[in-house]
Amino acid sequence: MDKKKLSNKHEKDIAEAFNGRLQIASGAIPLVGMKGDVVSPDYLIECKATTKTFYSLKRKVVEKIEKEALKCGRTPILAIRVSNADYILYRIFDFDDEVLEDGRLECVESLKLTQEFFTTLKEDYCPIRIGNTLWGLLPLQIFSEKYLEGDFK
């Protein structure tokens with residue numbers, strides 16, 4: 001599958017999972033209100049997909065979606081698809097009252113997350129410090145069961 005088809009399918013799947021809608025020409029047209037790839041009443045979601053066996057998490061991407069989400073009164077989410085598996089990066093304080101630990105990993109500028117790392121993610125989130133904020137990373141299925149209303153599709 002080529003990169004564009006992979007990205008389009010990922011965005012469509014995430015929109016469905018979050019009961020959201022795709023942003024038309026997200027990132028392609030410099031208009032106000034056209035931020036993020038998927039928008040729902042509660043979330044602004046940036047989608048990143050790769051066919052590689054790793055994903056390079058970039059601090060500037062996370063900070064960008066966080067800033068854009070706050071401007072429109074939504075919660076920021078980064079949806080990551082690696083090797084056809086979906087993961088959600090979210091600010092822990094938006095969803096949990098207690099923090100498991102203070103950042104097992106830290107993303108200074110970028111952080112390479114390998115396929116092996118993703119397979120270790122289970123019921124509890126992996127905390128990742130990005131700037132001054134602690135983010136959690138979970139498989140989409142687990143995130144959906146813990147935090148989203150309704151059935152996961």
Side-chain angles (χ1 to χ4, degrees), residues 1-29 33-100 104-105 107 111-128 130 133-153:
M1 182 179 297
D2 74 5
K3 189 174 179 178
K4 185 65 175 165
K5 285 182 182 176
L6 175 68
S7 293
N8 288 342
K9 177 155 178 31
H10 181 224
E11 290 172 9
K12 183 179 178 218
D13 293 346
I14 293 298
E16 186 176 314
F18 281 83
N19 196 23
R21 63 177 170 76
L22 297 174
Q23 287 282 48
I24 304 300
S26 65
I29 303 171
M34 301 296 277
K35 306 297 184 188
D37 296 312
V38 174
V39 66
S40 78
D42 298 318
Y43 308 106
L44 186 66
I45 306 163
E46 184 74 18
C47 297
K48 298 294 182 185
T50 183
T51 56
K52 297 176 183 174
T53 58
F54 66 92
Y55 175 73
S56 291
L57 178 65
K58 293 183 176 32
R59 178 178 178 165
K60 67 181 180 179
V61 170
V62 175
E63 289 176 342
K64 175 182 170 279
I65 194 64
E66 181 179 33
K67 182 179 175 184
E68 291 170 353
L70 295 177
K71 281 184 179 178
C72 63
R74 290 181 173 84
T75 301
I77 298 285
L78 179 63
I80 303 166
R81 178 167 286 177
V82 177
S83 300
N84 294 318
D86 291 320
Y87 303 92
I88 300 299
L89 184 74
Y90 62 98
R91 293 184 311 187
I92 293 172
F93 66 81
D94 288 327
F95 296 90
D96 290 305
D97 293 331
E98 296 182 25
V99 176
L100 289 179
R104 184 169 84 186
L105 299 173
C107 178
L111 178 65
K112 184 176 181 178
L113 303 173
T114 64
Q115 180 78 34
E116 294 78 25
F117 166 78
F118 283 110
T119 60
T120 67
L121 298 175
K122 303 293 182 201
E123 295 294 318
D124 290 326
Y125 58 79
C126 174
I128 301 173
I130 302 172
T133 305
L134 200 57
W135 294 74
L137 185 66
L138 276 174
L140 174 59
Q141 178 72 41
I142 303 300
F143 180 87
S144 180
E145 290 169 2
K146 289 180 86 164
Y147 304 118
L148 298 180
E149 304 246 346
D151 295 326
F152 174 71
K153 298 177 181 181

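Heads up: numbering here begins at 1 and tracks the sequence.
Minimum interatomic distance between Leu138 and Ile142 (heavy atoms only, all atoms of both residues): CD2-CG2, 3.9 Å.
A donor-acceptor pair is defined here as one N or O able to donate and one able to accept, closer than 3.5 Å; such a pair exists between the side chain of Gln23 and the backbone of Lys35. Judged purely by atom type and a 3.5 angstrom limit, Thr119 uses its side chain to pair as donor or acceptor with the backbone of Glu116.
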### Task
Could you give me the CA-CA distance, side-chain angles and deciding distance for Val62 and Thr133, then say whether side-chain contact (heavy atoms from CB on, under 4.5 Å) is met?
CA-CA 10 Å; Val62 175; Thr133 305; over 6 Å; no

### From CA spacing to verdict: salt bridge (charged side-chain N to carboxylate O under 4.0 Å, His left out), Glu16, Lys12
CA-CA 6 Å; Glu16 186 176 314; Lys12 183 179 178 218; 5.6 Å; no

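For the side-chain hydrogen bond (donor to acceptor under 3.5 Å, both in side chains) condition, the pairs that include at least one residue of residues 72-84, sequence neighbours left out, are Asp13-Arg81, Arg81-Asp86, Ser83-Gln115. Residue pairs meeting the ring-ring contact (aromatic ring centres under 6.0 Å, His included) criterion with at least one member in residues 39-81, sequence neighbours excluded, are Phe18-Tyr43.
For Asp96, there are no salt bridge (charged side-chain N to carboxylate O under 4.0 Å, His left out) partners at least two apart in sequence or on another chain. Scored by the side-chain contact (heavy atoms from CB on, under 4.5 Å) test, Asp42 finds Ser40 as partners (sequence neighbours excluded). Taking Lys4 as the reference, Asp2, Asn8 meet the side-chain contact (heavy atoms from CB on, under 4.5 Å) condition, with sequence neighbours excluded. With sequence neighbours left out, the side-chain contact (heavy atoms from CB on, under 4.5 Å) criterion links Phe117 to Arg104, Leu105, Leu113, Thr114, Thr120, Leu121, Cys126, Leu137. With sequence neighbours left out, Lys48 forms a side chain to side chain donor-acceptor pair (under 3.5 Å) with no residue at all. A search for ring pair (Phe, Tyr, Trp, His ring centres under 6.0 Å) contacts involving Tyr90 returns Phe95, Phe143, Tyr147, not counting sequence neighbours. In this view, Ala79 and His10, Ile14, Ile45, Cys47, Ile88 satisfy the side-chain contact (heavy atoms from CB on, under 4.5 Å) rule, not counting sequence neighbours. For Arg59, the salt bridge (charged side-chain N to carboxylate O under 4.0 Å, His left out) test picks out Glu63, with sequence neighbours left out.
Side chains of Arg21 and Val39 form a contact here, defined as non-hydrogen atoms less than 4.5 Å apart. Annotation: side chain of Asp37 is in contact with side chain of Glu46 (closest heavy-atom distance under 4.5 Å).
Shown here is Lys71, whose NZ atom has no more than 12 heavy atoms of other residues, nucleotides or ligands within 6.0 Å.
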